[in-house]
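Data first, discussion second: the structure below is written as structure tokens.
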Number of protein chains: 2
Amino acid sequence: MSKLSSELDQAFRAAALRPTAQRYAVLEFLAEHRVHATAEEIFDAVNRNDPRASRATVYNNLRALAKAGLVREVMSEGKAARFDANLRRHHHFICERCSAVEDISWFDLPPSAGRAALGGRNVTNYEIVFRGSCVRCRDSKSKQGAKS
Amino acid sequence: MSKLSSELDQAFRAAALRPTAQRYAVLEFLAEHRVHATAEEIFDAVNRNDPRASRATVYNNLRALAKAGLVREVMSEGKAARFDANLRRHHHFICERCSAVEDISWFDLPPSAGRAALGGRNVTNYEIVFRGSCVRCRDSKSKQGAKS
DNA sequence: TCTAAATATAGACCGTGTCTAAATTGAGCT
DNA sequence: AGCTCAATTTAGACACGGTCTATATTTAGA
Ligand SMILES: [Mn+2]
Ligand SMILES: [Mn+2]
Ligand SMILES: [Zn+2]
Ligand SMILES: [Zn+2]
């Protein structure tokens, strides 16, 4: 029993979610590939190995996992939602050339920042979204962004 | 000739976009209603008065205006894209109860912030997305968020 | 006024995501 | 192991946001 698999099992138990093979495969993919995958990418990946999962099941599980807090839906540029199994608080970087979404480890805003600008709003959370060129794209001249 | 209309005309001329009635109506709506409207909301608003514009035209113009830099597509929660005619650099606040998207006037991150966390990435821009309750929702007890 | 390029339009089409209804599976019980 | 029932899976229909195509109209400019 691998470390990951026992961690996932425990997460399922804590969330009162049955550890089905399909659900396991979805969460495992997100845990192992921290690239903020879309539902379609997860669907493809899961169906490359066994067990297979239908499109509906991938969506169902992403919703269930999100509700249970084991996965987050992250804001993204395109129309397709992206999912994140990194539960630690963090910022994001979006590469404008290859569209990669990368994690930026957390740091707080200085406590005074934006105090006036925020007016009477009750802020419970925030995130910084950085944009620019990722390391691979920065080093390549191509117009298309570095390839995978 | 109103101040707004001459400003818009000038913007069109500078962007080498023909000032058609439909295009004018789309940009005018965004300039006057700074609520980060969706394409559908703009379509509805424009078709309440003259001139009318087809759905395709609204989308075409939003793309053209975005390419010309007269409008920005802003990240949003739902599946529908939201557009912003506020060209000044600013942050955003998203109300988690009523889904309103509000502008937060710009302030810089302290220059040292996140230096290490950003690694070798070439950051050309950033934005802070705050979440919580807007002023209207903060004051109301309702589960649904304050009404429009 | 004449012409060429830009724009507008209706409707087909596509990708992303949700829903429905029926089949399967899993957990608790005996 | 069998029984039972709720959770889950599944295929396919459906809904929505958005794009594309083909054609008609408008605009800028000569
Ligand atoms: Mn992330
Ligand atoms: Mn804005
Ligand atoms: Zn990149
Ligand atoms: Zn609100």
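From a predicted model like this one, the values you see are computed outputs, not experimental measurements. Sequence lines set the chain letters: A, B, ... in the order given, protein chains first and strands last, and positions in each chain run from 1.
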Is A:Arg23 close enough to D:dT8 that one of its side-chain N or O atoms is under 4.0 Å from OP1 or OP2 there?
yes
Atom CG of B:Asp44 to atom P of D:dG17: distance rounded to whole Å?
10 Å
Would you classify A:Pro51 as touching base, sugar-phosphate or nothing, given that sugar-phosphate means primed atoms plus P, OP1 and OP2, and contacts are heavy atoms under 4.0 Å?
nothing
For the side chain of A:Thr20, starting at C-beta, report the closest nucleotide among D:dT9, C:dA5, C:dA27.
D:dT9
When rounded to whole Å, the CG to C1' distance for the pair A:Asp9 and C:dG26 reads 14 Å
Suppose we screen for salt bridge (Lys or Arg N to Asp or Glu O under 4.0 Å). Which residues come up paired with A:Arg89, at least two apart in sequence or across chains?
none
B:Arg121 with A:Glu102: basic N within carboxylate O range, under 4.0 Å:
yes
Interatomic distance where CG belongs to A:Leu62 and P belongs to D:dT8 [whole Å]
14 Å
Is there, by distance only and without an angle test, a donor paired with an acceptor across the side chain of B:Arg18 and the base of D:dT27 below 3.5 Å?
yes
Please write out the pairs of protein N or O atoms and N or O atoms of nucleotides 18-20 of chain D separated by less than 3.5 Å, giving the distance to one decimal.
{"from": "D:dG18", "atom 1": "OP1", "to": "B:Ala81", "atom 2": "N", "distance (Å)": "2.6"}
{"from": "D:dG18", "atom 1": "OP2", "to": "B:Tyr59", "atom 2": "OH", "distance (Å)": "3.0"}
{"from": "D:dG18", "atom 1": "N7", "to": "B:Arg55", "atom 2": "NH2", "distance (Å)": "2.8"}
{"from": "D:dG18", "atom 1": "O6", "to": "B:Arg55", "atom 2": "NH2", "distance (Å)": "3.2"}
{"from": "D:dC20", "atom 1": "OP2", "to": "B:Arg63", "atom 2": "NH1", "distance (Å)": "3.4"}

Checking all strands, does B:Ala53 fall into the base, sugar-phosphate, or nothing category for heavy-atom contacts under 4.0 angstrom?
sugar-phosphate
Can you spot which of A:His90, A:His91, A:His92 makes a side chain to side chain donor-acceptor pair (under 3.5 Å) with A:Glu127?
A:His92
From CZ of B:Arg13 across to P of D:dG29 the rounded distance in Å is 11 Å
Contacts of type salt bridge (Lys or Arg N to Asp or Glu O under 4.0 Å), residue B:Asp108, not counting sequence neighbours
none
How close or far is atom P of C:dG26 from atom CG of A:Leu17, stated in whole angstroms?
15 Å
Side chains of A:Asn61 and A:Arg23: do they bring a donor and an acceptor to under 3.5 Å?
yes
Whole Å only: how far is the CZ atom of A:Phe43 from the P atom of C:dT16?
12 Å
Categorize A:Thr57 for me: base, sugar-phosphate, or nothing, with a 4.0 angstrom heavy-atom threshold over every strand shown.
base
Scan side-chain atoms only and decide if A:Asp103 and A:His36 contain a donor-acceptor pair under the 3.5 Å cut-off.
yes
From CG of B:Asn47 across to C1' of C:dA8 the rounded distance in Å is 12 Å
Checking N1-N3 plus N6-O4 or O6-N4 for Watson-Crick, or N1-O2 and O6-N3 for wobble, each under 3.5 Å, the partner of C:dA6 is D:dT25
Interatomic distance, A:Asn61 CG vs C:dT25 C1' [rounded to whole Å]
13 Å
So with a 6.0 Å cut-off around CD of B:Gln10, is the heavy-atom count from everything else above 12?
no
Hey, which of these two, B:Pro19 or A:Ala16, hits DNA chain D nearer its 5' end, going by closest nucleotide?
A:Ala16
For the side chain of B:Gln22, starting at C-beta, report the closest nucleotide among C:dT7, C:dT9, D:dT8.
C:dT9
